[in-house]
A.B. asks: 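The structure that follows is given in the form of structure tokens.
Below, chains carry the letters A, B, ... as their sequence lines are ordered, and counting in each starts from 1.
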Amino acid sequence: MGATEWSDSGINGSNVRERSYMNERYPFSEIEPKWQAFWDEQGFFRVDTRNSDRKYYCLVMFPYPSGTLHVGHGRNYIIGDAVARYKLTQGYRVLTPMGWDAFGLPAENAAKQRGVHPKEWTLNNIAQMKRQIRSWGVGYDWSREIATCHPGYYKWTQWLFLLLYHQGLAYRKNAPVNWCEFCTTLANEEVRSDGTCDRCGRPVTRRMLTQWFFKITEYAQQLLDDLALLDRWPERVRAMQANWLGRSEGARIDFRVAETGDLCTIFTTRPDTIYGVTFMAIAPEHPLVQKLMANHPRRAEVEAFAKRQEMLSVQQRTAETAPKEGVFTGYHVVNPYNGERVPLWVTNYVVMDYGTGAVMAVPAHDQRDFEFARKYGLPIRVVIQDPAHPLDPTTMTAAWVDDGVLVHSGPFTGRGNREAMPDMIRWAKEHGVGDFAVTWKIRDWLISRQRYWGAPIPIVYCPQCGTVPVPESQLPVLLPDDVDFRSEQGNPLARHERFLSTTCPKCGAPARRESDTIAQWLCSCWYFLRYINPRLEDRPFIPDDVNRWLPVDQYIGGIEHAVLHLLYSRFIVKVLHRAGYVAFREPFAALFTQGMICKRSEKDGQLYKMSKSKGNVVSPDELIREYGADTLRLYTLFIGPPEKDAEWSDTAVEGAFRFLNRLWRRGYETLDVLRSAPNEPVDPASLEPDAREVYRKLHETIQKVTRDIEESFHFNTAIAAIMELFNAVERLPISADSPAPRRAAYREMFETIVRLLGPFAPHIAEELWRELGHEQSILKSGWPVARPEALVRDEHELAVQVNGRVRGRIRVPASASHMEIEAMAMKDPNVTRWLEGRQVRKVVVVPGRLVNIATN
RNA sequence: GCCCGGGUGGCGGAAUGGCAGACGCAACGGACUUAAAAUCCGUUUCCGUUUUCGGAGUGCGGGUUCGAGUCCCGCCCCGGGCACCA
């Protein structure tokens with residue numbers, strides 16, 4: 001049979017079946033663009049959000065338009081598309097939007113280096129990446145496309161800023177902030193734990209600047225508590241967020257400076273050790289240092305020490321290897337519990353950033369204090385005794401941090417330290433010198449950026465009225481286009497006179513605009529809401545619509561956003577919730593974090609995350625040209641469990657290609673049988689044993705593939721099962737002369753393989769599906785469901801073990817009782833050999849699996 | 001130090017407490033071909049017999065169980081997050 005010319009009427013008048021590509025050769029480069037255009041034109045991925053029956057909001061993290069995509073980026077979109085197509089096939093109303101996280105520094109750097117305007121650079125990249133995403137056959141509702149750099153979008157990002165401002169959650173303060181020479185200010189979340197910039201890797205220093213902050217700390221408790229609602233999030237992401245929030249419970253206790261009466265409040269998680277305090281340690285930046293040392297003979301020494309510490313980054317100062325250092329101030333503080341005077345030291349190991357910047361030092365029971373005390377010859381007093389091996393301060397080599405019995409602890413002596421702790425805090429409360437207290441690690445969110453390519457902060461500074469928010473009616477505060485990047489250093493907006501000079505919205509007097517822009521993280525904190533009403537002009541979204549479509553049913557993205565984007569988005573949604581705009585408290589009901597795709601570097605043979613800077617990227621464009629999008633998709637899903645990192649292999653891609661070729665060829669070679677076979681369910685009993693077995697495997701595979709997708713997104717094992725089924729189908733002899741039931745079963749097998757592949761390799765699936773004579777798209781075909789009667793076995797092969805090792809095999813009727821199975825197992829000649837001379841102690845029968853005979 | 005993952009053939013990986021190594025890659029042998037590619041068939045955990053078979057084997061050491069890659073206890077190693085966090 002050659003290429004057949006046939007056609008049908010297509011659907012909805014669109015004649016896509018004009019010609020058949022049925023040929024020995026698998027024509028991916030012809031069929032892929034054809035079906036992409038078809039799905040697009042027919043609007044398979046467009047959804048009317050006014051109707052939310054059986055809604056399924058499937059969202060992939062939108063990309064930053066950095067240029068071109070590599071196959072590592074593709075994993076995200078391919079997984080999302082597989083899920084969306086699966087749900088769509090099941091008849092869900094699936095919302096799968098796509099957009100661009102389009103503000104950010106790379107655009108500005110390109111402008112400086114190449115003289116391209118950031119807008120032009122960004123829009124070009126969007127066009128490029130959109131073409132790539134389309135070429136993968138990933139289906140989106142493009143009518144909802146958004147770009148955060150569009151004034152129609154950032155108007156509402158500014159609105160969000162103002163909402164926080166009016167809620168008292170946005171404030172401006174002069175504070176030491178993280179500073180990267182290249183990227184300007186950074187939020188704490190953007191600084192890696194080694195003290196380098198998360199974006200560019202340069203060292204981060206501290207700088208005093210007046211900046212805008214969001215009070216995310218006010219929501220710390222809720223952000224922590226509501227993690228419990230996120231039972232469909234990966235455990236490790238919840239752990240990372242809890243870690244980052246860093247709640248710790250303890251007490252606040254007021255010490256006073258003996259000589260001046262100044263208050264020196266500390267936070268401790270171990271108030272039970274209060275009677276062991278032998279000195280006080282405060283941070284060099286602590287306000288008391290300046291105040292106390294002003295006219296003190298030790299001033300020079302102490303200030304020199306403090307200056308030296310302030311020059312260092314927190315990371316340098318507090319590195320594991322940095323030795324503990326300090327200097328005595330000449331002052332003392334009074335322990336409110338026992339009235340004791342202990343010396344006040346300025347130390348490098350206490351930081352101003354956490355707690356109160358002052359620490360009651362208990363060398364006997366804190367390792368850091370212990371090391372410091374040993375170094376400077378300060379006393380060590382044991383107040384918790386190890387009942388088994390009493391501690392002796394003169395011989396201790398490390399702090400005792402475990403629990404024990406309180407000693408030398410005034411009225412609390414003799415009690416267990418854990419048990420007494422609440423009473424000890426209560427004592428402080430009763431005496432007005434302290435209380436229970438909670439401290440968090442998370443700091444307020446630094447939102448200002450000294451950059452051009454972002455949404456301007458909608459604030460005006462008026463000489464009369466002070467800080468004035470721009471009224472909503474005057475939004476958006478437009479980013480001016482006419483900026484010269486080459487000739488300017490720093491933020492060009494700060495020198496753009498026509499932008500800066502304005503009038504006060506309150507009094508009309510001449511005023512100045514804020515020149516900082518909003519961190520791009522805020523832009524991506526609410527985009528999932530905007531997708532519901534993307535073109536709305538008078539509001540950011542319609543609450544009713546948003547409440548029906550959110551939370552997002554499935555969010556898919558990279559683990560690198562575990563804290564940053566995901567924590568910020570949760571915060572913003574909670575703010576909107578409290579302000580009455582949305583009914584839900586959490587934006588993403590389920591989260592899936594895919595692993596990174598890595599590739600071995602040709603230079604050093606090491607495995608690295610695919611990135612342009614490492615030079616180990618694989619371009620999807622070439623692969624699609626050579627093998628087609630379906631091959632690329634199939635391989636990407638087959639590479640391994642999607643939540644884990646994976647190593648890209650160019651040769652393994654060919655395996656996926658080979659499989660699709662075999663499938664195509666098989667379809668071509670048996671097209672006559674397939675088309676002429678009865679298209680109806682088969683009675684398994686009417687099949688010959690070989691066909692019956694494969695028919696059962698078919699239905700087992702439907703079950704397995706469905707379960708793998710539903711339970712864990714384990715597309716790798718789903719695809720393996722389809723391959724296994726196809727291998728079995730290929731070995732099944734079939735011809736036009738085969739009996740009707742056999743041909744019908746064969747047709748069902750082949751068609752089902754095509755349908756199961758639909759979410760993974762949609763183009764070839766759609767093409768073969770149509771070639772088999774179906775008029776409707778495969779997306780309308782429904783998801784296959786296993787037939788119980790096809791799954792029935794009337795015979796089982798059981799392994800027979802003797803003492804846990806397989807010695808023989810028996811075939812038993814499915815109806816056989818345990819007694820009968822046991823008898824048959826005992827009779828098997830391979831088994832009797834191993835039973836000779838032994839006494840049977842116990843026989844275990846596992847239905848359908850094995851028999852184990854235990855002997856003496 | 002604390003909190004998450006993870007450790008299985010040459011490689012990626014698979015296994016509701018039930019026959020370890022599915023599926024794929026690579027390698028090797030064979031068929032087809034003048035030849036090569038492609039394709040198809042077969043072999044491929046290790047050790048010994050080299051087929052019929054037996055033994056060992058899922059990071060290490062114990063344990064529970066008729067039966068452990070899987071569960072429990074104690075370790076080692078690798079990756080990630082947090083960290084002089086008071």
A.B. asks: With a cut-off of less than 4.0 Å, is there a side-chain N or O of A/N243 near OP1 or OP2 of B/rG80?
C.D. replies: no
A.B. asks: Of the nucleotides B/rG81, B/rC84, B/rA86, which has the atom closest to the A/M240 side chain?
C.D. replies: B/rG81
A.B. asks: Please convert RNA chain B into dot-bracket. A pair counts if it is Watson-Crick or G-U wobble with both distances under 3.5 Å; crossing pairs go in [ ] and bases paired with another strand get |.
C.D. replies: (((((((..(((.....[....))).(((((.......))))).((((....))))..(((((..]....))))))))))))....
A.B. asks: Sub-3.5 Å donor-acceptor pair from the side chain of A/R247 to the main-chain atoms of A/Q221, do we have one?
C.D. replies: no
A.B. asks: Is the phosphate of B/rC25 approached by A/R658 (side-chain N or O, under 4.0 Å from OP1 or OP2)?
C.D. replies: yes
A.B. asks: What's A/A720 touching, base or sugar-phosphate or nothing? Going by heavy atoms closer than 4.0 Å.
C.D. replies: base
A.B. asks: Counting heavy atoms from C-beta on, name the nucleotide in B/rC84, B/rA86, B/rU16 closest to the side chain of A/Y349.
C.D. replies: B/rC84
A.B. asks: Once you apply a heavy-atom cut-off of 4.0 Å, does A/T356 come out as touching a base, just sugar-phosphate, or nothing?
C.D. replies: nothing
A.B. asks: Check the phosphate of B/rC53 against A/R833, side-chain N and O only, distance under 4.0 Å to OP1 or OP2. Yes or no?
C.D. replies: no
A.B. asks: Contact class for A/D366 vs. all strands (heavy atom < 4.0 Å): base, sugar-phosphate, or nothing?
C.D. replies: nothing
A.B. asks: Measure from the side chain of A/P641, starting at C-beta and using heavy atoms only, and say which of B/rC25, B/rC3, B/rA14 lies closest.
C.D. replies: B/rA14
A.B. asks: Any side-chain donor paired with an acceptor under 3.5 Å for A/T855 and A/N803?
C.D. replies: yes
A.B. asks: Given B/rC19, B/rG24, B/rA86, which nucleotide is nearest the side-chain atoms of A/Y354?
C.D. replies: B/rA86
A.B. asks: Can A/R238 be said to sit on top of A/W233's aromatic six-ring, NZ or CZ under 6.0 Å from centre and within 45° of the ring axis?
C.D. replies: no
A.B. asks: Considering only atom P, compute the distance from B/rC53 to B/rA20 and round it to an integer number of Å.
C.D. replies: 15 Å
A.B. asks: With a cut-off of less than 4.0 Å, is there a side-chain N or O of A/R252 near OP1 or OP2 of B/rA86?
C.D. replies: no
A.B. asks: Establish, with yes or no, whether the OP1 or OP2 oxygen of B/rG13 is under 4.0 angstrom from a side-chain nitrogen or oxygen of A/T717.
C.D. replies: no
A.B. asks: Any side-chain N or O of A/N716 less than 4.0 Å from the OP1 or OP2 oxygen of B/rA14?
C.D. replies: yes
A.B. asks: Does A/K644 have a side-chain nitrogen or oxygen under 4.0 Å from the phosphate oxygens OP1 or OP2 of B/rG6?
C.D. replies: no
A.B. asks: Using a heavy-atom cut-off of 4.0 Å across all strands, would you classify A/W834 as base, sugar-phosphate, or nothing?
C.D. replies: sugar-phosphate
